[in-house]
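Everything below concerns the one structure shown next.
Remember, it's 1-based here, ligands and their atoms both numbered in the order they're listed.
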Amino acid sequence: MKILVSGTGYVGLVTAVCLAEKGHNVVCYDVVKEKIDMLNQGKSPIYEAGLEELMQKNKERIIYTYNKKEAYKDLDVIFIGVGTPERVDGSANLDYIYAVADDIVENINKDCLVVMKSTVPIGTNYKVEKYIQDRLKGKHRIEIASNPEFLAQGTAVIDTLEAQRIIIGTHSKWAEKILKEIYKDFEKSVIVSTDINSAEMIKYASNDFLALKISYINEIANLCEALGANIEDVTLGMGLDKRIGNKFLNAGIGYGGSCFPKDTKALHWLAKINECELKTVKAAIDVNQNQKIRLIEKSKKYYEHLKGINVAVLGLAFKPGTDDLREAPSIINVEYLENNGANIKAWDPIAQKNFSKIFPQINYCDTIDDTIKDADICFIFTEWEQIKKYDISKYEKLMRKAVILDGRNCYKLDDVKQYNIIYESIGRKSIENIKK
Ligand code: UDX
């Protein structure tokens with residue numbers, strides 16, 4: 001079976017490499033020449049644990065190319081793994097999907113199955129299928145299947161190789177059979193066959209549910225602060241109930257990334273144009289927007305104005321294990337700090353380079369020590385291990401005034417209490433141990 005994966009972002013590249021790991025021969029196509037050049041040198045354009053090793057291990061089975069004619073020749077299956085970014089109104093921009101559809105029309109030379117891995121609004125697969133069929137005018141048989149991706153950044157390889165479920169949305173036994181054949185060696189995964197619209201919905205409903213869970217726990221955390229309860233004890237107690245589960249109950253400064261913000265808005269938009277408002281999803285979006293600036297609100301207790309204040313920023317990525325900054329809470333916060341005249345020093349183990357493209361003018365440090373030195377306040381936006389393991393006594397020693405605002409609850413309150421510092425986190429009591 002000759003398989004093409006169009007798009008070498010998180011979804012496309014990880015899918016291609018994992019299919020190769022399971023024994024398939026795969027062609028990876030992308031329009032960006034630089035990405036293909038990197039891939040041909042054995043380097044991944046995205047930071048993802050274990051991916052380069054797997055690329056190396058399976059290099060005999062993967063071809064990377066930006067040569068369209070070569071890529072689309074003699075294919076049996078085409079996976080679409082291109083981006084569907086958010087439009088201003090919250091809807092998904094499907095331009096890249098239709099660009100692939102045009103490539104398919106112009107280049108295929110035999111019957112094939114098109115498999116949608118990208119997250120697309122419910123109903124899109126049928127539209128794309130019709131778009132291609134109308135233009136092919138019966139020259140080749142073409143059918144579409146929905147096969148949404150559930151990988152999380154940082155664990156993308158394992159999430160794909162050992163997916164809890166593989167959703168196959170098809171409208172013919174032919175398509176279902178091909179996909180089952182492709183996934184036959186994914187022993188750890190449950191395969192669920194559905195119709196196409198349901199498969200598309202499973203993806204959105206899953207992501208939006210998780211986003212909702214996070215916004216819910218963030219609201220409960222804010223209430224815990226007001227009422228003197230501790231969110232960690234609360235989630236421990238809640239999570240032991242198997243119906244609730246203990247995952248995705250970490251309170252913080254809100255969700256970011258390439259999926260939750262985009263997919264909540266896209267489903268809300270889709271529901272609205274179908275006159276079926278999703279009030280819970282709308283609430284999750286609004287809560288998340290406010291949660292992202294929660295630390296700024298807290299900072300006002302200590303500094304009315306930030307002009308001339310030395311600010312240390314620890315963690316820039318939207319979560320640990322990635323250099324991705326899409327919708328990262330750090331962005332909106334640093335923007336605010338900058339607009340208000342703060343002197344900013346920032347640190348992140350891998351996302352600094354990307355961040356400096358958005359904020360070239362702030363100071364980037366190589367170590368946490370340098371970042372917090374002489375700072376008047378420190379913001380923590382990402383729970384990197386390096387931050388969690390950092391010696392808390394150094395905040396007291398190195399900062400000019402040790403005010404720490406921790407948006408990811410990196411430290412235990414009992415540990416923090418040992419030091420001469422002010423410490424605010426999410427859903428827990430403030431510690432104000434400043435003797436100076
Ligand atoms: C997510 C989904 O997990 C994945 O299945 C889907 O395919 C794409 O979107 P990802 O965006 O990579 O993956 O990261 P995830 O680990 O889910 O975290 C998303 C955001 O939620 C991060 O900003 C994270 O900090 C936040 N989060 C997560 C919380 O605030 N609390 C939690 O308990 C869990």
Side-chain angles (χ1 to χ4, degrees), residues 9-12 14-15 46-49 51 81 83-84 86 117-120 147-160 162-167 189 199-200 202-222 231-232 234-236 238-239 244-267 284-285 287-292 294-295 315-333 348 351 380-384 387-388 406-410 425-427:
Y10 276 98
V11 170
V14 174
T15 299
I46 50 165
Y47 177 86
E48 191 57 49
L51 188 58
T84 52
E86 183 186 319
K117 269 268 160 216
S118 306
T119 303
V120 291
N147 174 218
E149 184 51 63
F150 299 97
L151 60 83
Q153 286 172 228
T155 52
V157 170
I158 209 76
D159 287 349
T160 306
E162 298 181 8
Q164 290 170 22
R165 80 289 210 197
I166 292 172
I167 307 295
S189 314
E200 292 171 327
I202 289 169
K203 169 69 188 185
Y204 276 102
S206 302
N207 270 0
D208 288 20
F209 182 78
L210 293 172
L212 229 134
K213 203 171 175 188
I214 297 169
S215 277
Y216 174 75
I217 212 61
N218 283 339
E219 277 206 302
I220 294 292
N222 298 345
I231 191 64
E232 279 165 354
V234 172
T235 50
L236 176 68
M238 285 171 68
I244 298 172
N246 60 6
K247 304 271 180 351
F248 278 71
L249 281 183
N250 293 327
I253 43 159
Y255 57 78
S258 62
C259 291
F260 292 168
K262 172 173 78 78
D263 295 349
T264 43
K265 284 181 223 160
L267 194 64
I285 297 167
V287 168
N288 197 56
Q289 210 52 35
N290 287 333
Q291 197 68 12
K292 280 185 172 181
R294 185 99 185 134
L295 294 186
L316 300 168
F318 81 92
K319 68 171 193 177
T322 176
D323 62 354
D324 200 325
L325 294 170
R326 281 176 283 180
E327 302 274 347
S330 60
I331 295 178
I332 180 174
N333 281 285
D348 187 288
I380 301 176
F381 296 131
T382 322
E383 67 277 33
W384 285 103
I387 301 173
K388 284 162 71 174
D406 181 357
R408 298 293 181 188
N409 292 357
C410 289
S425 51
I426 306 290

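Close contacts of ligand 1 with Glu149, meaning ligand atoms under 4.0 Å from a residue heavy atom, involve 7 (O). Taking every non-hydrogen atom of Leu249 and a distance limit under 4.0 Å, the qualifying atoms of ligand 1 come out as 33 (O). Ligand-side atoms of ligand 1 in range of Tyr255: 20 (C), 21 (O), 23 (O), 26 (C), range being under 4.0 angstrom from any heavy atom. The distance from ligand 1 to the heavy atoms of Arg408 drops below 4.0 Å at these ligand atoms: 25 (O), 30 (O). Contact atoms of ligand 1 toward Ala152: 3 (O), 12 (O), 13 (O) (distance under 4.0 Å to a heavy atom of the residue).
If you check which protein heavy atom lies closest to atom 9 (O) of ligand 1, you get Cys259 CB, 3.0 Å. From the protein, the heavy atom lying nearest to atom 12 (O) of ligand 1 is Gln153 N, 2.6 Å. The protein heavy atom nearest to atom 5 (O) of ligand 1 is Phe150 O, 2.7 Å. Among protein heavy atoms, the minimum distance from atom 27 (N) of ligand 1 is reached at Ile214 CD1, 3.4 Å. Remark: minimum distance from atom 17 (O) of ligand 1 to any protein heavy atom is reached at Phe248 CZ, 3.3 Å.
A donor-acceptor distance shorter than 3.5 angstrom exists from the side chain of Lys319 to the backbone of Gln153, with no hydrogens or angles considered. Of the possible donor and acceptor atoms, one in the side chain of Ser189 sits under 3.5 Å from a partner among the backbone N and O of Ala163. For Arg408 (side chain) and Phe381 (main-chain N/O), a donor-acceptor pair under 3.5 Å exists by modelled atom type. One N or O on the side chain of Lys213 and one on the backbone of Lys247 form a donor-acceptor pair closer than 3.5 Å. In this structure a side-chain-to-backbone donor-acceptor pair under 3.5 Å is missing from Asp406 to Ser425.
By the 6.0 Å contact criterion, OH on Tyr216 is open, its count of non-hydrogen atoms from other residues, nucleotides or ligands being 12 or less.
With a 4.0 Å cut-off on non-hydrogen atoms, Lys319 touches ligand 1 through its side chain and not its backbone. At a heavy-atom distance under 4.0 Å, only side-chain atoms of Lys203, from C-beta outward, approach ligand 1. When non-hydrogen atoms are compared, ligand 1 lies under 4.0 Å from the side chain of Asn207 (C-beta onward) but not from its backbone. Proximity of Asn250 to ligand 1, defined as any heavy-atom pair under 4.0 Å, is shared by backbone and side chain alike.
Distances from atom 4 (C) of ligand 1 to the heavy atoms of Asp263, Leu151, Asp324 put Leu151 nearest. Comparing Phe381, Phe260, Phe318 against atom 2 (C) of ligand 1, the shortest heavy-atom distance belongs to Phe260.
Taking the charged nitrogens against the carboxylate oxygens, Glu86 and Lys262 have no contact shorter than 4.0 Å, which rules out a salt bridge. Here Glu327 pairs with Lys292 in a salt bridge; the nearest charged N to carboxylate O distance falls below 4.0 Å.
Scanning all heavy atoms of the two residues, the minimum distance from Ile167 to Asn147 falls at O-ND2, 2.9 Å.
Ligand 1 has at least one atom lying under 4.0 Å from a heavy atom of Gly256.
Between Thr160 and Glu149 there is a side-chain heavy-atom pair separated by less than 4.5 Å.
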Full working for side-chain contact (heavy atoms from CB on, under 4.5 Å) between Tyr255 and Ser215: CA-CA 8 Å; Tyr255 57 78; Ser215 277; 3.7 Å; yes
